[in-house]
Participant: 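Pasting a structure below so you can have a look.
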Amino acid sequence: MDRITLAGVIPAALSETVPGCQSDIWGRVLSFDKGRSVLIRAASGHGKTTLCCFLSGLRSDYSGTISFDGRNIRLLDDSLWADVRCRQLAVMYQDLKLMDELSAVDNILLKTALCPDCRLQDITDMLKRLGIDDATMKRPVNTLSLGQQQRVAFVRMLVQPAQIRVLDEPVSHLDPENASIMAAMLEETCSKDGSAVIVTSTGYDLPYRYDRTIQM
């Protein structure tokens, strides 16, 4: 996937408020291109997580059109969506969507079927780089802090093959040091695979080198 295009997209829940607002996304025509990075800033309640759910096909309660390489995503069948989610679009959701009863390592190992070149040692090295030690990474994720869980979800997103990577408020529970480490790891991966990066924020941004910043 090389391009995601939004054309006149308005969430159903915001249909009465968008026409009078100054959003650079809702109701506009814009594209997210492979190899480019975008920061989307917005206050809470303006639809950041909603957009991420639209892009990944978890929600479709909007007017307008979202297209992947010119194809309306409303026309994708289940098998095509499965391919998109497995090999083209990697998302770090705000609610993380981790398996609570599984350890940090096991949550990430679920993704290794999609990326056979990613070894267990690679996963543990990435977690340690983000300050998660051997004992912590073996605990069920529901016993970890929110900041630790965010780091686990980030590594799980990072090991997945993708052309587009979407991160919804990825550093909301992280200190600046870990946020900087996360940004460096993301940049290293994207420089290798050329994937696009879409990051949302309420003001505390992932310190990444963005090509553009837009207001929702």
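Starting from 1, each residue takes its place in the sequence as its number. Scope of the values below: all heavy atoms of this structure, side chains included, with no hydrogens, waters or symmetry mates.
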Participant: Applying side chain to side chain contact (heavy atoms under 4.5 Å, CB included) between Val105 and each of Leu102, Leu109, Ile108, Asn107, report the one that passes.
Facilitator: Leu109
Participant: With rounding to the nearest 0.5 angstrom, report the CG to CD1 distance, Leu127 to Ile132.
Facilitator: 5.0 Å
Participant: Whether the Glu169 and Thr200 side chains hold a donor-acceptor pair (N or O, under 3.5 Å, no angle test) is what I'd like checked.
Facilitator: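 Distance-only check fails for Glu169 and Thr200.
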Participant: Does a donor on one side chain sit under 3.5 Å from an acceptor on the other, for Ser195 and Arg165?
Facilitator: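 Note: Ser195 and Arg165 side chains meet the donor-acceptor criterion.
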Participant: Show your reasoning for whether side-chain hydrogen bond (donor to acceptor under 3.5 Å, both in side chains) applies to Thr5 and Ser31.
Facilitator: CA-CA 4 Å; Thr5 302; Ser31 296; 3.2 Å; yes
Participant: Checking Arg74 against Tyr62: charged group under 6.0 Å from the ring centre and within 45 degrees of the axis?
Facilitator: yes
Participant: Grab the two heavy atoms, one from Leu89 and one from Leu55, that are nearest each other, plus how far apart they are.
Facilitator: CD2-O, 3.3 Å
Participant: Is Asp134 salt-bridged to Lys128, going by a charged N under 4.0 Å from an acidic O?
Facilitator: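 Between Lys128 and Asp134 there is a salt bridge, with a charged N closer than 4.0 Å to a carboxylate O.
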Participant: Test side chain to side chain contact (heavy atoms under 4.5 Å, CB included) on Tyr208 and Val199 and set out the steps.
Facilitator: CA-CA 9 Å; Tyr208 195 77; Val199 178; 5.7 Å; no
Participant: Drop me the distance from Gln160's CD to Leu110's CG, to the nearest 0.5 angstrom.
Facilitator: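 Atom-to-atom, Gln160:CD and Leu110:CG are 11.5 Å apart.
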Participant: State the CG-NE2 distance between Leu146 and His173, to the nearest 0.5 angstrom.
Facilitator: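 Between Leu146 CG and His173 NE2, I get 4.5 Å after rounding to 0.5 Å.
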Participant: Of all heavy-atom pairs between Gln150 and Val171, which one has the smallest distance, and what is that distance?
Facilitator: OE1-C, 3.8 Å
Participant: Return yes when atom CD of Glu177 has more than 12 non-hydrogen atoms of other residues, nucleotides or ligands closer than 6.0 Å, and no otherwise.
Facilitator: no
Participant: Between Met216 and Ala42, which heavy-atom pair has the shortest distance, and what is it?
Facilitator: CB-CB, 3.5 Å
Participant: Salt bridge (charged side-chain N to carboxylate O under 4.0 Å, His left out), that's the test. Do Arg41 and Asp205 meet it? Break it down for me.
Facilitator: CA-CA 9 Å; Arg41 283 204 186 112; Asp205 306 336; 2.4 Å; yes
Participant: Please give me the minimum heavy-atom distance between Val91 and Ser56, naming the atom from each residue.
Facilitator: CG2-CB, 4.1 Å
Participant: If only side-chain N and O atoms count, and only distance matters, is there a donor-acceptor pair under 3.5 Å linking Lys34 with Gln163?
Facilitator: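 Distance-only check fails for Gln163 and Lys34.
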Participant: Tell me if the CG atom of Asp95 is crowded by more than 12 foreign heavy atoms within 6.0 Å.
Facilitator: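 Counting neighbours around CG of Asp95, more than 12 heavy atoms of other residues, nucleotides or ligands fall under 6.0 Å, so yes.
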Participant: So does Arg119 pair up with Asp122, basic N to acidic O under 4.0 Å?
Facilitator: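 The answer is yes: the pair qualifies as a salt bridge.
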Participant: Considering all heavy atoms of both residues, which atom of Leu174 and which atom of Tyr204 are nearest to each other, and what is their separation?
Facilitator: O-OH, 2.9 Å
Participant: Tell me whether the count of non-hydrogen atoms from other residues, nucleotides or ligands lying under 6.0 Å of CZ in Arg85 goes above 12.
Facilitator: yes
Participant: First locate atom CD1 of Ile198, then atom SG of Cys52, and finally report the distance between them rounded to the nearest 0.5 Å.
Facilitator: 8.0 Å
Participant: Minimum heavy-atom separation for Ala196 and Asp33, please, with both atom names.
Facilitator: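 Nearest heavy atoms, Ala196 then Asp33: CB-O, 3.2 Å.
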Participant: Between atom CG of Asp168 and atom CD of Gln94, what is the distance when rounded to the nearest 0.5 Å?
Facilitator: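 Output value for this atom pair is 5.0 Å.
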Participant: Check side chain to side chain donor-acceptor pair (under 3.5 Å) between Asp69 and all other residues, then give those that pass, not counting sequence neighbours.
Facilitator: none
Participant: The test is side-chain hydrogen bond (donor to acceptor under 3.5 Å, both in side chains); show your working for Arg71 and Ser67 and say whether it passes.
Facilitator: CA-CA 5 Å; Arg71 182 166 188 174; Ser67 301; over 6 Å; no
Participant: At what distance, to the nearest 0.5 angstrom, does CG of Asn142 lie from CG of Leu98?
Facilitator: 10.0 Å
